[in-house]
Amino acid sequence: MAGSAQEPIDLYYWPTPNGWKIAIMLEEVGLPYRVRPVNIGKGEQFRPEFLAISPNNRIPAIVDPDGPGGIPVSVFESGAILQYLGRKTGKLYPADERARVEVEEWLFWQVGGLGPMAGQAHHFRIFAPEKIPYGIARYTKEVARLYGVLDRRLADREFLAGDYSIADIACVGWSKMWERQGQDIGEFPHFRRWLETVLARPAVQRGLAVTADAPKT
């Protein structure tokens, strides 16, 4: 990204699985960006200036100064941001409709299933002030079911939807935290192979390494 004259995208970010998605995508497609930290531990996501960008008070969000028609645009929700950046760059989000449907199926599988269920597993297993066996068991088992879905999907293909895509980017941040979700990765050999493959990508490593206190351009 060094030497680019393009004005950077502002990434409203905190290092979480949802935040990582967009840092990884920006690294993969080579767009210049700068981090605008939103400290969710201090409640900064509820500030009015952030609410104007992200009405649901959740990170990540972006502001692209070079939006459609050259007019700045803000985008919130990680899945929508991945789609926007894929369309903007023509990368990791196929233009062919049949291929795009396949990518979108697994993208929405993640934002509607894997992310929320893994997040609940984290909450009940680690953060809940009271350990509730029912909650722990429910979400640990549901994450295991979802990893089983991934494992079967990946039994005969390298990536989730043909070529490497925003579907894989959406899933990797949550998937790499399998231990916190009470999973045995040895039970999912195809999932494990996929996870190791994606985590070995240099852009993925750079995206996961983005910190909130070191703005990047």
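Hydrogens, waters and symmetry mates are skipped; everything else that's a heavy atom, side chains included, is used.
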Checklist entry - Taking it one step at a time, do Val75 and Asp64 satisfy side-chain contact (heavy atoms from CB on, under 4.5 Å)? => result CA-CA 8 Å; Val75 189; Asp64 181 5; over 6 Å; no
Checklist entry - Passes side-chain contact (heavy atoms from CB on, under 4.5 Å), Lys176 versus Leu208? Steps please. => result CA-CA 11 Å; Lys176 83 181 192 72; Leu208 291 172; 3.8 Å; yes
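Salt-bridge check for Arg98 with Glu102: failed, with every basic side-chain N at 4.0 Å or more from each acidic carboxylate O. With respect to Arg100 and Glu97, no salt bridge is recorded, no charged nitrogen being found less than 4.0 Å from a carboxylate O.
A donor atom on one side chain and an acceptor atom on the other are found under 3.5 Å apart for Asn18 and Trp174.
Within the 3.5 Å criterion, the main-chain N or O of His190 finds a donor-acceptor partner in the side chain of Asp151. Arg192 contributes no side-chain N or O that, together with a main-chain N or O of Gly186, makes up a donor-acceptor pair within less than 3.5 Å. With Glu77 contributing its side chain and Ser54 its backbone, the two residues share no donor-acceptor pair below 3.5 Å. Within the 3.5 Å criterion, the main-chain N or O of Glu158 finds a donor-acceptor partner in the side chain of Arg193. When atom types are taken as modelled, the side chain of Gln183 and the backbone of Gln181 share a donor-acceptor pair closer than 3.5 angstrom.
To the nearest 0.5 Å, atom CD1 of residue Ile81 and atom CD1 of residue Ile22 are 4.5 Å apart. The structure places CG of Asn56 at 10.5 Å from CD of Gln45, a figure rounded to the nearest 0.5 Å. The CD1 atom of Ile136 lies 12.0 Å from the NZ atom of Lys141; values are rounded to the nearest 0.5 Å. Taking CD1 of Ile59 as the reference point, atom OH of Tyr12 lies at 13.5 Å (rounded to 0.5 Å). Atom-to-atom distance recorded for Asn39:CG and Trp14:CH2 is 3.5 Å, nearest 0.5 angstrom. Taken to the nearest 0.5 Å, the CG atom of Leu85 stands 4.5 Å off from the CD1 atom of Ile62.
Across Arg206, Arg201, Gln205, a single residue satisfies side chain to side chain donor-acceptor pair (under 3.5 Å) together with Glu27, and that is Arg206.
The minimum heavy-atom distance linking Arg36 with Arg34 is given by the pair NH2-NE, 3.2 Å. Minimum heavy-atom separation, Gly86 to Met25: N-CE, 3.6 Å. Among all heavy-atom pairs drawn from Trp194 and Cys171, the shortest one is CH2-CB, 3.7 Å. Taking every heavy atom of both residues into account, Ser175 and Leu150 meet most closely at OG-CD1, 4.2 Å. Pairing each heavy atom of Gly70 with each of Asp66, the nearest pair is CA-OD1, 3.8 Å. Annotation for Pro68 and Val73: closest pair CD-CG1, 3.7 Å, computed over non-hydrogen atoms.
Residue Lys131 qualifies as enclosed at atom NZ: its count of foreign heavy atoms under 6.0 Å is above 12.
Residues Phe188 and Leu195 have side chains not in contact (no heavy-atom distance under 4.5 Å, counting atoms from C-beta outward). In this structure, the side chains of Ser78 and Trp20 stay at 4.5 Å or more apart for every pair of heavy atoms.
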Can you give me every donor-acceptor pair (side chain of residues 104-118, partner residue at least two apart or in another chain, under 3.5 Å) with its distance?
residue	atom	partner	partner atom	Å
Glu104	OE2	Gln83	NE2	3.3
Glu104	OE2	Tyr93	OH	2.4
Gln110	OE1	Lys21	NZ	2.7

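Among residues at least two apart or in separate chains, ring-ring contact (aromatic ring centres under 6.0 Å, His included) pairs with a member in residues 148-167 are Phe159-Tyr164.
Linking ILVMFWY residues whenever their side-chain heavy atoms come closer than 4.5 Å, directly or via other members, leaves Ile53 and Phe76 in distinct clusters. In terms of hydrophobic clustering, with Ile, Leu, Val, Met, Phe, Trp and Tyr side chains grouped at heavy-atom distances under 4.5 Å, Leu199 and Tyr147 are assigned to a common cluster.
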